[in-house]
Amino acid sequence: MTAVKIVKVLGTSEESWPDAAEEAVAQASRTIDDIRGVEVEEWTANVEDGEVTEYRATVEVAFPVHEDRQPSG
């Protein structure tokens with residue numbers, strides 16, 4: 001049986017929501033090994049003078065929990 005851990009990561013981009021989601025995954029992969037899947041939870045943006053200035057994607061990142069095993073004996 002495999003246990004999976006899920007963490008939320010917020011990515012940002014000045015270009016698009018997909019870029020923001022990709023940034024979230026790229027940043028998470030710097031400290032999280034073996035990412036197996038992501039789910040975009042929320043798309044938001046900052047707006048100034050009627051224009052989107054920053055796209056934000058809240059992403060749930062899933063990865064397996066690896067047990068630390070002690071050698072027997």
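To the nearest 0.5 Å, the span separating CD on E22 from CD on Q27 amounts to 12.5 Å. A distance of 10.5 Å separates CG in L10 from CD in E23, rounded to the nearest 0.5 Å. In this structure, OH in Y55 is found 8.0 Å from OG in S13, a value given to the nearest 0.5 Å. To the nearest 0.5 Å, the span separating CZ on R36 from CZ on F63 amounts to 12.0 Å.
Residues V65 and I32 do not share a hydrophobic cluster, clusters being chains of Ile/Leu/Val/Met/Phe/Trp/Tyr side chains in contact below 4.5 Å. A chain of hydrophobic side-chain contacts below 4.5 Å, direct or via other Ile, Leu, Val, Met, Phe, Trp or Tyr residues, connects V47 to W17. Connection of I6 to V59 is not established within any shared hydrophobic cluster, with ILVMFWY side chains joined at heavy-atom distances below 4.5 Å, either directly or through further cluster members.
With sequence neighbours left out, the side chain to side chain donor-acceptor pair (under 3.5 Å) criterion links E54 to N46. Listed by chain and number, the residues in a side chain to side chain donor-acceptor pair (under 3.5 Å) with E41 are K8 (sequence neighbours excluded).
No side-chain donor-acceptor contact under 3.5 Å links W43 to the backbone of P18.
Among all heavy-atom pairs drawn from A21 and A57, the shortest one is N-CB, 3.6 Å. Taking each heavy atom of A28 and V9 in turn, the nearest pair found is CB-CG2, 4.0 Å.
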